[in-house]
2 protein chains.
Amino acid sequence: MTAARITRCAQDLAEERGLDGFTMHDVADCAGVSRRTLFNYVSGKLDAVLGVPPAPDPSRLIEFRAGGPTGRLADDVKATIGAFLDSKDLAPEDWERVRRLIAADARLHKAMHENFAKVAAFLADAILEREGARFDPLRARAAATVTLSLFDVALDAFVADPSTSLAAYFMAAFDGAAALFD
Amino acid sequence: MTAARITRCAQDLAEERGLDGFTMHDVADCAGVSRRTLFNYVSGKLDAVLGVPPAPDPSRLIEFRAGGPTGRLADDVKATIGAFLDSKDLAPEDWERVRRLIAADARLHKAMHENFAKVAAFLADAILEREGARFDPLRARAAATVTLSLFDVALDAFVADPSTSLAAYFMAAFDGAAALFD
DNA sequence: GCATTGCACTAATGAAGGTGGAGTGCATCA
DNA sequence: TGATGCACTCCACCTTCATTAGTGCAATGC
C-alpha cells in the first residue's frame with residue numbers, strides 16, 4: 001500500500017542520487033500522492049528512506065510492566081527488545097538495501113539511533129514502573145543509556161557484516177555487556 | 001608549575017570571554033611561555049581549558065590484566081575506573097569551575113567524552129587480555145561502549161548536580177547498569 | 001644537550017550571507 | 001474525512017573569507 005510504495009520510491013531515489021539528490025516532491029510523484037500527503041505517512045525524509053519505524057507492541061509492554069515474560073529483568077529486556085527489532089518484517093534483500101543506505105550516509109545511521117533512543121526511553125519508564133524503588137532516576141538513565149549504546153554496537157556490527165540480523169547482534173551485545181557485570 | 005599555570009590562565013580566559021573569545025597566544029602570554037611552547041604542555045585548546053587528562057596508572061593496569069584486584073571482573077572494572085576518575089586531584093572549587101565550563105560549551109563536554117573514550121578502549125583491550133576467549137571482539141566492543149556510555153551518564157549527572165563527584169556518579173551508574181543484568 | 005622559541009606553513013574553524021527544500025498549518029475540494 | 005494546494009517558516013548546506021589552531025624545523029640560550 002501507500003506507505004510501502006513511499007518507502008520503495010524513497011529508497012530507489014536515495015540509491016540512485018544520494019540523500020541530497022532528490023526532493024520529497026520526487027518521492028511523492030513516484031508514489032502517486034501529493035507532497036503534502038506524503039507527510040501524512042512519514043514524519044520526514046529520513047523515515048521515508050528507512051521506512052516507518054515499528055511501534056512497540058502494547059501487549060508486550062503491558063506484560064513487561066507486570067513483571068513478565070520470565071520474571072528476570074535481563075531476560076525480559078532482551079525478549080522485549082528482541083521482539084521489537086524483529087517486528088520489522090523485511091525480506092533479506094530489503095534489509096541489505098537498508099544496510100547499504102545506512103552505510104552510505106551518516107544521517108540515516110543517526111536517524112536509526114534516534115528512533116531507537118525513543119524506544120530505550122520508553123523502556124526505561126517501563127523499568128521504573130516494574131521495578132519500583134529499586135530503580136532511581138540515575139539507574140533508569142543508566143539502563144536506557146546502556147540499552148541504547150548496545151543498539152549502537154549491534155547496528156555498527158550489522159552494517160559491517162549483515163550475515164547476522166540486527167536483533168541477533170543486539171542479543172549478542174547484550175550478553176557481552178552482561179558478562180562485564182558477572 | 002607551568003602546566004597548572006596554563007590551565008588556570010586558559011580557564012580564566014574561557015570564563016571571561018568564552019571559548020572563542022581568546023587565542024592560544026593570550027594563554028601563552030598569561031602563562032609566561034611562548035605560544036609554541038604551550039603546545040609542549042597541552043595537546044590543544046580544549047585540553048588547555050580542561051587541564052591535562054590524567055594518564056592511567058600503569059601498576060593498576062598490570063594488576064587488572066593479571067586478574068586483580070579482587071578477581072571479580074565487575075568489581076575490578078569499577079575499582080580501576082574509579083581510581084582513574086579520582087586521580088585528578090582538584091579542589092572542590094576547581095571541580096566546580098570545570099563543571100561550569102563544561103556546561104557552558106558543548107565542545108568541552110565532547111572533549112571530556114573523547115578523552116574518556118580512549119580510556120574505555122584501553123580497558124577493553126585489557127579485558128580481552130584478562131578474560132581471553134570468553135570475550136570475542138563484539139563483547140569487547142560492547143564492554144567498551146557500555147563503559148563509555150556510563151561515563152556519559154555520570155558526566156551529565158555531575159554537570160547537573162555537582163554535589164557528588166564524577167567518580168561517585170560513575171560508580172552509581174555502573175551499579176545501575178549491573179541491576180539491569182540481574 | 002635539551003628545552004624554549006621564532007617562523008613559516010597547513011589545516012581547521014567560525015562568522016556571515018544566501019538558497020533550496022524540508023516541514024507544517026490552514027483552507028478548500030471531492 | 002482524507003487528499004491536496006498554497007503559503008509560510010525554519011533549517012541544513014554551501015560558499016567565501018579571515019583568523020587562529022596546530023605543527024615541523026631550525027636557531028638560540030642556559
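Letters go in sequence order (proteins before strands), and every chain restarts at 1. Hydrogens, waters and symmetry mates are skipped; everything else that's a heavy atom, side chains included, is used.
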Between A/Phe158 and A/Trp95, how do the two ring planes meet: parallel, tilted or perpendicular, split at 30° and 60°? perpendicular
Taking the basic N atoms (NZ, or NE/NH1/NH2) and the acidic carboxylate oxygens, is any pair closer than 4.0 Å for B/Asp20 and B/Arg107? yes
Restricting to nitrogen or oxygen on both sides, can you table the protein-nucleotides 8-19 of chain C pairs closer than 3.5 Å?
unit_1: C/dG14; atom_1: OP1; unit_2: B/Arg107; atom_2: NH1; d: 2.6

Using a 4.0 Å cut-off on heavy atoms, which residues in residues 37-51 of chain B reach DNA chain D? List them by number, or say none. B/Phe39, B/Gly44, B/Lys45
Indicate yes or no: does A/Glu96 engage A/Arg100 in a salt bridge with an N to O separation below 4.0 Å. yes
Check DNA chain D against residues 5-12 of chain B and give the residues with a non-hydrogen atom under 4.0 Å, in numerical order. none
Worked check of side-chain hydrogen bond (donor to acceptor under 3.5 Å, both in side chains) between B/Thr23 and B/Asp26: CA-CA 5 Å; B/Thr23 66; B/Asp26 296 331; 3.3 Å; yes
Toward the 5' end of DNA chain D, which comes first, A/Gly32 or B/Phe22, by nearest nucleotide? A/Gly32
Is the closest basic N to carboxylate O distance between B/Asp156 and A/Arg141 below 4.0 Å? yes
Rounded to the Å, how far apart are A/Arg17 CZ and C/dG20 P? 18 Å
Terminal contacting nucleotides, 5' and 3', DNA chain D versus chain B (heavy atom, 4.0 Å): D/dT20 to D/dC25
A/Met24 atom CE is separated from C/dT24 atom P, nearest whole Å, by 10 Å
Could you tell me whether A/Glu114 and A/Lys118 make a salt bridge, using a distance below 4.0 angstrom between a side-chain N and a carboxylate O? no
Please list all pairs meeting disulfide bond (SG atoms under 2.5 Å apart) that have one or both residues in residues 143-180 of chain A, counting only residues at least two apart or in different chains. none
Base-pairing string, 5' to 3', of DNA chain D - Watson-Crick or wobble, under 3.5 Å, | interstrand: ||||||||||||||||||||||||||||||
Would you mind checking if B/Asp175 and A/Arg139 are paired as a salt bridge, meaning a charged N to carboxylate O distance below 4.0 Å? no
Honestly, is B/Arg60 close enough over B/Phe84, meaning NZ or CZ under 6.0 Å from the six-membered ring centre and within 45° of the axis? no
